[in-house]
Amino acid sequence: MDNKPQDQSPDENAPSEGIPAPEGPANLIDTDYVIGQDNITTKTMGVNLDLHGKVFTISSIVILLFVILTLALQDTIEPIYDTVFSFLTSNLGWFFILAANVFVILCVALIFTPLGKIRIGGADAKPDFTYMGWFSMLFAAGMGIGLMFYGVNEPLTHFGTSFDGGSWAPLAGAEGDAAGAATLGMAATIFHWGLHPWAIYSVVALSLALFAFNKGLPLSMRSVFYPILGERVWGWPGHLIDILAVFATLFGLTTSLGIGATQAAAGMSYLFGAPESDVTMILLIIGITIIAIGSILAGVDKGVQLLSKINIALAAALLFFVIAVGPTLLIATGFFENLVSYATHLPALSNPFGREDANFSQGWTAFYWAWWISWSPYVGMFIARVSRGRTVREFLISVMLVPSTVSVLWMTTFGGTAIDQYVNQGIEAVREAGIDLQLFIMLEQLPLSQITSFVAIVLVIVFFVTSSDSGSLVIDSITAGGKVDAPKPQRVFWAIIEGALAIALLLGGGLTALQTMAVSTGFPFTIILLVACYAIIKGLMSEPKAV
């Protein structure tokens with residue numbers, strides 16, 4: 001890597017196009033490439049466009065063709081999704097589990113090495129957002145819809161399979177032991193929502209932030225591979241990396257949007273008697289996409305950050321309400337017991353080989369890791385954009401521990417309450433309900449259920465909006481050659497594509513189709529992220545030593 005040490009103020013030799021120059025000592029990469037130099041800049045019908053011709057054209061054409069074919073072949077394509085999903089998770093489960101372990105080890109190692117003192121954006125960079133604003137955006141962008149959808153279902157499901165035994169039970173389960181099954185079920189749930197997914201996000205976010213804000217390269221996945229590919233990263237090898245990042249982001253994001261739509265539709269049917277049909281879900285997706293477009297036009301500071309704070313406030317209100325009126329003592333003690341159980345079972349749960357619980361490790365863990373990895377360009381780039389000014393150590397500790405702790409509390413509260421209702425109160429409906437209804441059935445057993453169920457629906461919708469908004473921001477940056485201030489109509493285009501893709505996949509195969517595309521794009525992107533781990537270390541080692 002050919003680096004050029006420079007000590008410069010924020011307005012000198014700025015890389016331009018929205019990427020601020022490093023503040024204080026930083027090693028810029030010496031390249032003749034100018035951000036956006038390969039872009040097509042034009043004005044069509046009064047709309048300004050600024051696009052990377054090859055990345056945008058190939059990505060948009062392939063996605064549009066995929067949407068059209070999926071909608072045209074609804075009756076024949078569903079079995080294909082089932083076959084592909086089963087093949088990938090059963091044959092490559094070990095690979096996803098092993099890769100996720102590598103990401104965790106790298107992040108933990110960086111926290112405890114001198115490299116952790118390096119500051120994103122240069123030695124004198126100051127954070128762009130307060131801790132509250134930063135944490136809100138980290139959490140809302142990361143996995144908000146997933147927590148709403150799986151918060152009751154997953155702990156309850158793992159409890160049930162652990163109690164019954166069999167290959168779907170995590171670590172062979174605790175057959176016939178209700179207390180042991182509950183503890184093991186919560187440990188398995190926390191495993192899927194704790195350190196591993198946030199380590200995946202951290203790897204992508206740190207690599208993007210480092211090479212954009214410290215090295216002066218475009219905020220795009222290709223920039224991470226400059227230490228390996230050199231100037232070739234601006235050619236077809238880089239184009240392919242960015243195109244794959246677009247596909248991974250779109251399908252990972254669409255998976256979340258799809259499950260959000262199914263849960264919102266189920267909630268509206270349960271609460272208001274609305275028909276739970278494809279038409280309802282399509283109307284929901286269209287309506288939410290329109291709201292997301294409004295947020296896009298408002299900008300990151302006014303749109304995404306405001307909605308993220310609203311999300312956090314509503315989620316916190318719902319969370320603390322359930323803690324207060326639910327089994328409060330069980331939740332309070334369960335939080336710490338579940339953390340201990342998670343730590344105890346972590347080595348076995350993260351073991352990629354010789355598993356007796358094949359269905360669990362392949363059907364749950366492998367899918368989750370592929371889903372998080374396919375989401376990682378989106379979440380990682382968004383986190384990178386809002387994390388300038390943080391040290392590597394501060395960044396990794398915050399990104400890994402803060403959302404993980406909230407996830408543990410959330411799963412303990414909602415999942416623990418549902419398990420208590422089933423085991424101690426004999427309410428079988430909460431376990432027997434469909435996955436998209438279980439949250440509402442659990443809330444029905446508590447006071448003010450009509451209000452809390454309505455709040456839950458609003459939360460799903462707002463999480464949907466922030467995900468669509470943030471995802472459009474990220475995809476637009478990739479397809480605009482790494483620019484972070486490209487014209488807003490381009491982001492509107494991608495928001496519309498996300499909605500259309502979610503509709504196509506829901507009609508073409510439902511939840512399985514969504515999961516299949518997340519896993520399919522997650523596999524090749526896992527290989528890219530493993531290579532990126534080397535680039536992160538090399539990039540950090542080239543930075544001026546922090547004092």
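Keep in mind that this is a model prediction, so the values were computed, not measured.
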Quiz item: Do Ile537 and Leu106 come within less than 4.5 Å of each other through their side chains, counting heavy atoms only?
Solution: yes

Quiz item: Got a sec, which residues hit salt bridge (Lys or Arg N to Asp or Glu O under 4.0 Å) with Arg355, two or more places apart in sequence or on another chain?
Solution: Asp357

Practice problem: Check whether any side-chain heavy atom of Asp420 lies under 4.5 Å from a side-chain heavy atom of Ile331, and answer yes or no. | Solution: no

Quiz prompt | Step-by-step side-chain contact (heavy atoms from CB on, under 4.5 Å) determination, Phe103 to Cys533 | solution = CA-CA 8 Å; Phe103 302 140; Cys533 291; 3.6 Å; yes

Quiz prompt | Residue Phe112 excluded, over 12 heavy atoms near CZ under 6.0 Å | solution = no

Quiz prompt | Inter-residue atom distance Tyr342.OH - Leu346.CG, 0.5 Å rounding | solution = 5.0 Å

Practice problem: Using ring pair (Phe, Tyr, Trp, His ring centres under 6.0 Å) as the criterion, list what pairs up with Phe66, not counting sequence neighbours. | Solution: Phe251

Self-check item: Partners passing side-chain contact (heavy atoms from CB on, under 4.5 Å) against Tyr131 (at least two apart in sequence or in another chain)
Solution: Trp134, Phe135, Arg390, Glu394

Quiz item: When rounded to the nearest 0.5 angstrom, what distance separates OG1 in Thr516 from CZ in Phe85?
Solution: 6.0 Å

Quiz item: Hey, do the aromatic rings of Phe191 and His196 have their centres closer than 6.0 Å?
Solution: yes

Self-check item: Between CZ on residue Phe523 and CD1 on residue Ile373, distance to nearest 0.5 Å
Solution: 10.5 Å

Practice problem: May I ask you to test the Leu115-Met541 pair for a side-chain heavy-atom distance under 4.5 Å? | Solution: yes

Practice problem: Using distance alone, with no hydrogens and no angle criterion, decide if Trp364 and Thr157 have a side-chain donor and acceptor under 3.5 Å apart. | Solution: no

Exercise. Could you please spell out the steps behind the side-chain contact (heavy atoms from CB on, under 4.5 Å) verdict for Val84 and Ser520?
Key: CA-CA 8 Å; Val84 172; Ser520 298; 3.7 Å; yes

Quiz prompt | Minimum side-chain heavy-atom gap Val204-Met221 below 4.5 Å | solution = yes

Exercise. List for me each residue that meets salt bridge (Lys or Arg N to Asp or Glu O under 4.0 Å) alongside Glu337, sequence neighbours excluded, and say none if there are none.
Key: none

Practice problem: Report the C-alpha separation of Leu396 and Leu401 in whole Å, then their side-chain angles, then the decisive distance to 0.1 Å, and conclude whether the side-chain contact (heavy atoms from CB on, under 4.5 Å) test is met. | Solution: CA-CA 8 Å; Leu396 290 174; Leu401 293 186; over 6 Å; no

Quiz prompt | Heavy-atom pair with the smallest gap, counting every atom of Ala174 and Leu184 | solution = N-CD2, 4.3 Å

Quiz item: Is it the case that Glu498 and Thr254 place a side-chain donor and acceptor less than 3.5 Å from each other?
Solution: no

Self-check item: Gln421 side-chain N/O to Met442 backbone N/O, donor-acceptor pair under 3.5 Å
Solution: yes

Quiz item: Any side-chain heavy atom of Ile241 within less than 4.5 Å of one from Leu229?
Solution: yes

Quiz item: Of the non-hydrogen atoms in Ile200 and Ser376, which two are nearest, and what is the gap between them?
Solution: CG2-CB, 3.8 Å

Quiz prompt | With sequence neighbours excluded, residues passing side-chain contact (heavy atoms from CB on, under 4.5 Å) with Ala370 | solution = Phe96, Val519

Quiz item: Does the Thr249 side chain pair with the main chain of Ile475, one donor and one acceptor, at a distance under 3.5 Å?
Solution: no

Practice problem: Name all pairs fulfilling the salt bridge (Lys or Arg N to Asp or Glu O under 4.0 Å) condition that reach into residues 516-531, sequence neighbours left out, sorted by first residue then second. | Solution: none

Quiz prompt | Heavy-atom closest pair, residues Ser477 and Leu219 | solution = OG-O, 3.3 Å

Quiz item: Any idea which heavy atoms bring Cys107 and Ala199 closest together, and the distance?
Solution: SG-O, 3.7 Å

Quiz item: How far does CD1 of Ile63 sit from CG of Leu250, to the nearest 0.5 angstrom?
Solution: 5.0 Å

Exercise. Mind jotting down which residue pairs meet the salt bridge (Lys or Arg N to Asp or Glu O under 4.0 Å) criterion with at least one end in residues 242-256? Sequence neighbours excluded, please.
Key: Arg222-Asp242

Quiz item: Would a 4.5 Å heavy-atom cut-off, applied to side chains only, mark Ile120 and Leu206 as touching?
Solution: yes

Practice problem: Mind checking the CD1-NE2 spacing from Ile190 to His158? Nearest 0.5 Å is all I need. | Solution: 11.0 Å

Exercise. Please state whether the rings of Trp371 and Tyr368 are parallel, tilted or perpendicular, taking 30° and 60° as the class boundaries.
Key: parallel

Practice problem: Quick one: closest heavy-atom pair of Ile478 and Ala245, and the distance? | Solution: CD1-CB, 4.0 Å

Exercise. Dump the intermediate steps for side chain to side chain donor-acceptor pair (under 3.5 Å) on Trp94 and Ser361, then the final yes or no.
Key: CA-CA 8 Å; Trp94 65 270; Ser361 62; over 6 Å; no

Quiz item: Looking only at atom types and distance, does a side-chain atom of Ser404 sit under 3.5 Å from a main-chain N or O of Gly194, one as donor and one as acceptor?
Solution: yes

Quiz prompt | Closest approach of Ala456 to Leu443 (non-hydrogen atoms, all atoms of both residues) | solution = CB-CD1, 4.2 Å

Quiz prompt | Lys215 vs Glu543, salt bridge (charged side-chain N to carboxylate O under 4.0 Å, His left out): CA-CA, chis, key distance, verdict | solution = CA-CA 9 Å; Lys215 306 298 185 185; Glu543 283 294 286; 2.7 Å; yes

Quiz prompt | Set of ring pair (Phe, Tyr, Trp, His ring centres under 6.0 Å) partners for His345, sequence neighbours left out | solution = none

Practice problem: With sequence neighbours excluded, tell me which residues meet side-chain hydrogen bond (donor to acceptor under 3.5 Å, both in side chains) with Asn351. | Solution: none

Quiz item: Distance-only, no hydrogens or angles: does the Ser542 side chain make a donor-acceptor pair with backbone N or O of Gly539 under 3.5 Å?
Solution: yes

Quiz item: With sequence neighbours excluded, what pairs up with Phe87 under the ring pair (Phe, Tyr, Trp, His ring centres under 6.0 Å) test?
Solution: none

Practice problem: Given side-chain contact (heavy atoms from CB on, under 4.5 Å), test Ile528 with Phe225 step by step and report yes or no. | Solution: CA-CA 9 Å; Ile528 286 179; Phe225 294 86; 3.1 Å; yes

Quiz item: Do Leu257 and Ile285 touch side chain to side chain, with heavy atoms closer than 4.5 Å?
Solution: no

Quiz item: Does the ring center of Trp372 lie less than 6.0 Å from the ring center of Trp193?
Solution: yes

Quiz item: So do Ile323 and Thr417 actually touch side chain to side chain, heavy atoms under 4.5 Å?
Solution: no

Practice problem: Answer yes or no: are there more than 12 heavy-atom neighbours, outside Glu356 itself, under 6.0 Å from its atom CD? | Solution: no

Self-check item: Gap separating the CZ atom of Arg119 from the CZ atom of Arg393, nearest 0.5 angstrom
Solution: 11.5 Å

Which side-chain N or O atoms in residues 434-441 pair as donor and acceptor under 3.5 Å with protein atoms at least two apart or in another chain?
from   : atom 1 : to     : atom 2 : distance (Å)
Gln438 : OE1    : Asn153 : ND2    : 2.8
Gln438 : NE2    : Val430 : O      : 3.1
Gln438 : NE2    : Arg431 : O      : 3.4

Quiz item: Is it true that His192 and Phe360 have ring centroids separated by less than 6.0 Å?
Solution: yes

Quiz item: Can you check whether Leu110's main-chain N or O pairs, donor with acceptor, with Thr113's side chain at less than 3.5 Å?
Solution: yes

Quiz item: Got a sec, which residues hit ring pair (Phe, Tyr, Trp, His ring centres under 6.0 Å) with Phe163, two or more places apart in sequence or on another chain?
Solution: none

